[in-house]
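Only one structure is covered here, and it is reproduced in the block below.
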Amino acid sequence: MAVAVAFGQSAAFSKALLFLHRNGGRSFTAFSAPYSSSATAASSSSAFPSAADKVRRQKWRVPVASVLERGGVKIARDDVVRDEPTNNIPDTIFTKLGQQLHRRSQHPIGILKNAIHNYFDSNYENKFDKFDDLCPIVTVKQNFDDVLVPADHVSRSYNDTYYIDPQTVLRCHTSAHQAELLSKGYTQFLVTGDVYRRDSIDSTHYPVFHQMEGVRVFSPNDWESSGQDGTAYAAEDLKEMFGRIGTPLICTLELLGAVEMRWIDTYFPFTDPSFELEIYFQEKWLEVLGCGVTEQEILKRSGNSNNVAWAFGLGLERLAMVLFDIPDIRLFWTTDERFTSQFSEGQLGVKFKPFSKFPPCYKDMSFWINESFTENNLCEVIRGIAGDLVEEVCLIDNFTNKKGMTSHCYRVAYRSMERSLTDEEINELQWKVREQVESKLNVVLR
């Protein structure tokens, strides 16, 4: 598990914010503030769109709500999207906060989550507590410090993480709740939720995805009779548990049939030893999850000094894409009935049947970059304008001239999963992209 798959309920949201600011982590002066992504996109320099164009675009633009509900807690837009230098959360991300795909029993993500819950219930006699509605707004301390992420780790940067303010973020992983649950006395639990990362744009990456975290704590009474120390005992139990999951969850769920698995030693800040589980699929090894024995410092801080524990984290989209044969991660977010009607509660063997094959439209864009330019910032600008109509952003050429200036050329692929796009629509989007890339990223278009 790379950091990309890293591993109580909120009361009133106003109380949550008070807690966040009283107990928030350090400020991040080491990182430069991002461009303001909450500003309204500049108007295109082309002719004003017709009334028909406006109606057509409204069919795919997601309206921005002023208030969202999370487990009975109201989250206002102004609590998340703010016009201040350290806030890098666009409206497109705010609208995802209330959707909770993992709690929809007829959605592929929810179907998979429920299957894993059922497996743990049947194999561990309902011993695992389950949480799937914890607030995704957490402190920097919860998201990073509590799971021992180093102060200089790249994942803390504004380039990778969505910051509400210097002390408050949208969680990057469900591990953000691990320390709190351990401190409250939970010893066996599963946490599922939507997590947020500023990332590239392609068929397998999206700024919002879903994780499941599992933790199991052992006391000395559990391992003393085994002849092993606590760490070895926990590591063996972890591998045996996933060996058991490997048969019913990966094979029986028609993911692969007979499967070859292997364990890879790796490094995570929060576990030692750490492992990745890979399966041999379509003639290559595919990482399924990351896991390991929890660092003793995490247990010590939560009042479990004499115990040991294991933890795992897996990305539900990755498994669901293979399990249901879903080719593009954007499809998980569509409301098109041609997609949603294909899946039913408890049905794991259903293979997605494509309902459209609309052609992509490619637009190239070249510019001279500056020292602060990052591809994640570029993708945020494009995604903020085109939303889920952008399929991929790919660097196709770069060079440095004799003056030391570096040029990048990116190819942007626009494609709707639901309808055919018009030339006028794509041209208007591309003009807005060019204008916003130049003004927000301070690059010079070529």
Side-chain angles (χ1 to χ4, degrees), residues 1 3 5-9 19 23 25-26 116-117 119-121 123-132 134 138-151 153 171 173-193 211-245 263-277 289-314:
M1 167 182 67
V3 174
V5 284
F7 19 137
Q9 296 280 16
F19 170 82
N23 299 278
R26 61 179 69 89
I116 299 174
H117 279 187
Y119 175 79
F120 273 88
D121 285 344
N123 284 273
Y124 291 93
E125 300 178 351
N126 296 311
K127 292 181 179 178
F128 274 77
D129 293 293
K130 293 176 282 292
F131 303 88
D132 68 356
L134 300 178
V138 298
T139 65
V140 166
K141 178 179 181 296
Q142 290 173 302
N143 199 70
F144 296 119
D145 298 338
D146 285 349
V147 286
L148 310 183
V149 175
H153 198 281
R171 64 187 172 207
H173 46 198
T174 47
S175 301
H177 305 287
Q178 185 182 118
E180 178 185 3
L181 293 173
L182 286 170
S183 296
K184 289 182 176 180
Y186 293 101
T187 58
Q188 298 183 90
F189 55 86
L190 302 173
V191 179
T192 309
Q211 281 190 341
M212 179 181 289
E213 161 125 348
V215 173
R216 189 181 190 190
V217 179
F218 302 92
S219 68
N221 290 336
D222 294 315
W223 73 75
E224 285 177 345
S225 61
S226 69
Q228 299 175 299
D229 62 25
T231 298
Y233 181 87
E236 182 176 312
D237 182 85
L238 176 66
K239 289 186 176 182
E240 286 182 356
M241 186 268 292
F242 277 115
R244 291 195 299 272
I245 284 184
W263 290 100
I264 304 296
D265 292 338
T266 188
Y267 163 78
F268 307 121
F270 26 77
T271 55
D272 184 25
S274 302
F275 315 100
E276 289 176 348
L277 178 62
L289 57 89
C291 57
V293 178
T294 305
E295 282 282 2
Q296 203 60 30
E297 181 62 23
I298 295 176
L299 294 172
K300 180 181 177 182
R301 293 178 184 181
S302 63
N304 289 273
S305 298
N306 297 324
N307 299 329
V308 297
W310 55 243
F312 73 82
L314 58 87

Side chain to side chain donor-acceptor pair (under 3.5 Å) with [X]: which residues, sequence neighbours excluded?
| X | answer |
| --- | --- |
| T187 | none |
| N307 | N304 |
| Q188 | R216 |

For the residue pair [X] and [Y], what are the closest heavy atoms and their distance?
| X | Y | answer |
| --- | --- | --- |
| L190 | G214 | CD2-CA, 3.8 Å |
| R171 | A176 | CB-CB, 4.2 Å |
| T271 | S274 | OG1-OG, 2.5 Å |
| N143 | V147 | O-CG2, 3.5 Å |
| P273 | T231 | CD-CG2, 3.7 Å |
| L314 | I116 | CD1-CD1, 4.4 Å |

Any heavy-atom pair between the side chains of [Y] and [X] that's under 4.5 Å?
| X | Y | result |
| --- | --- | --- |
| T294 | L299 | yes |
| L182 | I298 | yes |
| W263 | C291 | yes |
| H177 | V138 | yes |
| L181 | S302 | no |

Can you list the residues that meet the side chain to side chain contact (heavy atoms under 4.5 Å, CB included) rule with [X], with sequence neighbours excluded?
| X | answer |
| --- | --- |
| S226 | W223, Q228, Y233 |
| D265 | F275 |
| D146 | K141, Q142, A179 |

One pair to check against side-chain contact (heavy atoms from CB on, under 4.5 Å): F144 and T139. What are the steps and the verdict? CA-CA 8 Å; F144 296 119; T139 65; over 6 Å; no
How would you list all residue pairs meeting salt bridge (Lys or Arg N to Asp or Glu O under 4.0 Å) that involve residues 293-303, not counting sequence neighbours? E297-R301
Give, for atom [atom1] of [X] and atom [atom2] of [Y], the distance between the pair rounded to the nearest 0.5 Å.
| X | Y | atom1 | atom2 | result |
| --- | --- | --- | --- | --- |
| F189 | Q178 | CZ | CD | 5.5 Å |
| F128 | N123 | CZ | CG | 10.0 Å |
| T174 | D132 | OG1 | CG | 12.0 Å |

Set of residues satisfying salt bridge (Lys or Arg N to Asp or Glu O under 4.0 Å) with respect to D121, sequence neighbours excluded: K130
For Y186, the ring pair (Phe, Tyr, Trp, His ring centres under 6.0 Å) test, sequence neighbours excluded, returns F131
Would you say Q211's side chain and H173's backbone share a donor-acceptor pair under 3.5 angstrom? no
